[in-house]
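Structure record follows, encoded as structure tokens.
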Amino acid sequence: MAEINTVSVIGMGYIGLPTCAILASRGLDVIGIDVNPTVVEKVGRGEIHIVEPDLDGLIQKVVANGKLKAFTEPQPADAFIIAVPTPIDEDHKPDLSYIFAAGRSIAPVLKQGDLVVLESTSPVGTTRQLEKQLAGLRPDLKFPSAFGEDAEVMVAYSPERVLPGKVLAELINNDRSVGGLSVASSHRAVELYSRFVGGDLFMTSAESAELVKLTENAFRDVNIAFANELAAVCQHLGLNVWEVIELANKHPRVNILQPGPGVGGHCIAVDPYFIIDAAPEHTRLMRSSRRINSDRPFTVVRDIEALLEPGKTQTIACLGLSFKPNIDDLRESPAVEVVKLLTELPDARILACEPNTRALPAELTDLGVELRDALTAIDEADIVVLLVDHRQFALIDPEALGDKKLVDTRGLWTWAKAKRPDARIEGRKAREERERGHPLRRASDRDAA
Ligand code: SAJ
């Protein structure tokens, strides 16, 4: 079979656009497709519409050298990568309409020998449903479910697993599962990903690959829920949860995550529902983890409410709005949810500080929330609420808070303040190593000398 030369990526969002950039940088001719004409125009000019380190330079380069072209309508290609959103509706049911819209749009340009890869996070069975849709629209072509290894169009699922903020590096370095609807489909998809993936590629079925992706994010959700449950237990017992976790994590086989005001972003708080929806009877742990994590903003607000003095107007400074530290993404952020809930309290004036944005979103200004820098917000506040452990906040000396009331949802200041310098007694191993001097340190010292 001929080499894959042209790849069409459907959806130029947080995953699709970096994938376009990497494929084009490896010499493939890349066609980026998006239904949003503004995105297409922007990418066509070599610009980007998302925030991701180093992506702007790479896109500029591959557009300038003609390797990446952007369109609103699908064009013929040797391989198609579908990277469109898969949200959930109000009832937490997966909405696959973007995938099937993508399927409808590429069906007319498919030809013998083509590969279609679904990358969007999807419930088990979606790749096969997509194939069924394509086979229905193109009865002139042979697909794997009906024709097995004799199929003319190959279909596979291969999920992304990159961390926002490190997308380009993780696209290249992470291992990847590749699940074809036939062996030939898996091999063809491996051939495509080998062009840029430096990690290992693992072949499996499409269904297993679909569940692998969901499992990764559900695993993290359950583990964050454990940390959040532990936070509630420690609060009840009057103990410091961050100290308990830090010490428990000294066990060689324990690795507890960090509690916080809830789980944000578009993946971890969503993907468990895809498993829950498929097997409601068998997902008690995942369901209660979801509940624990989505209740967290309410718990934080109750803690703040308990500090308010009735009948007196008080200023609450909320530090951090993004869904996790050191990014500017406020979507699905538990910190924003906390701030919104606080505006419902009578006699409370709400200040917010987010070092990674210049302006507050309208949904907050409309509720009367005012933007301040961190020190001004602290200065004006009666109650300080730390919602995101941004690196800027770690630089603030907790002593600067004086006797202001503090709700520290991330333990950034409370644990730093509580840490006793004499709490660690150096073990024999560490002492001997220190006395000997670290071998690597000695070598570099020699080099420096
Ligand atoms: N969080 C905690 N405590 C922790 C860790 C995270 O409360 O100990 C919170 C964060 O504050 C944030 C949320 O969880 O609100 C999610 O943040 P995250 O950094 O755990 O994950 P995301 O959503 O940025 O990216 C995840 C990653 N999945 C896993 O780590 C299993 C990433 O690799 C996936 O590619 C991405 O979801 C995705 O696209 O599915």
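Start at 1 and go down the list; that is how both ligands and their atoms are numbered. Note that the structure is a prediction, hence the values are computed from the model and not measured. Excluded from the calculations below are hydrogen atoms, water molecules and symmetry mates; all remaining heavy atoms, backbone and side chain alike, are included.
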Think R176 forms a cation-pi with Y193, using NZ or CZ under 6.0 Å from the six-ring centre and within 45 degrees of its axis? yes
Sequence neighbours excluded, which residues qualify as side-chain hydrogen bond (donor to acceptor under 3.5 Å, both in side chains) partners of K67? D29
Shell of residues surrounding ligand 1, defined by a 4.0 angstrom heavy-atom cut-off that is strict: E160, R161, V162, L163, P164, K213, E216, N217, R220, I224, L257, Q258, G262, V263, G264, C267, I268, F323, K324, R410
Table please: side-chain donor-acceptor pairs of residues 244-253 below 3.5 Å, with sequence neighbours left out.
{"from": "E246", "atom 1": "OE1", "to": "W415", "atom 2": "NE1", "distance (Å)": "2.7"}
{"from": "N249", "atom 1": "OD1", "to": "I256", "atom 2": "N", "distance (Å)": "2.6"}
{"from": "N249", "atom 1": "ND2", "to": "I256", "atom 2": "O", "distance (Å)": "3.1"}
{"from": "H251", "atom 1": "ND1", "to": "R253", "atom 2": "N", "distance (Å)": "2.8"}

D303 side chain to Q235 side chain, donor-acceptor N/O pair below 3.5 angstrom: yes
Check the side chains of Q75 and S8 for a donor-acceptor pair under 3.5 angstrom, ignoring hydrogens and angles. no
For residues 267-274, run the donor-acceptor check on the side chains, cut-off 3.5 Å, and write out each pair with its distance to 0.1 Å, sequence neighbours left out.
{"from": "D271", "atom 1": "OD2", "to": "N217", "atom 2": "ND2", "distance (Å)": "2.7"}

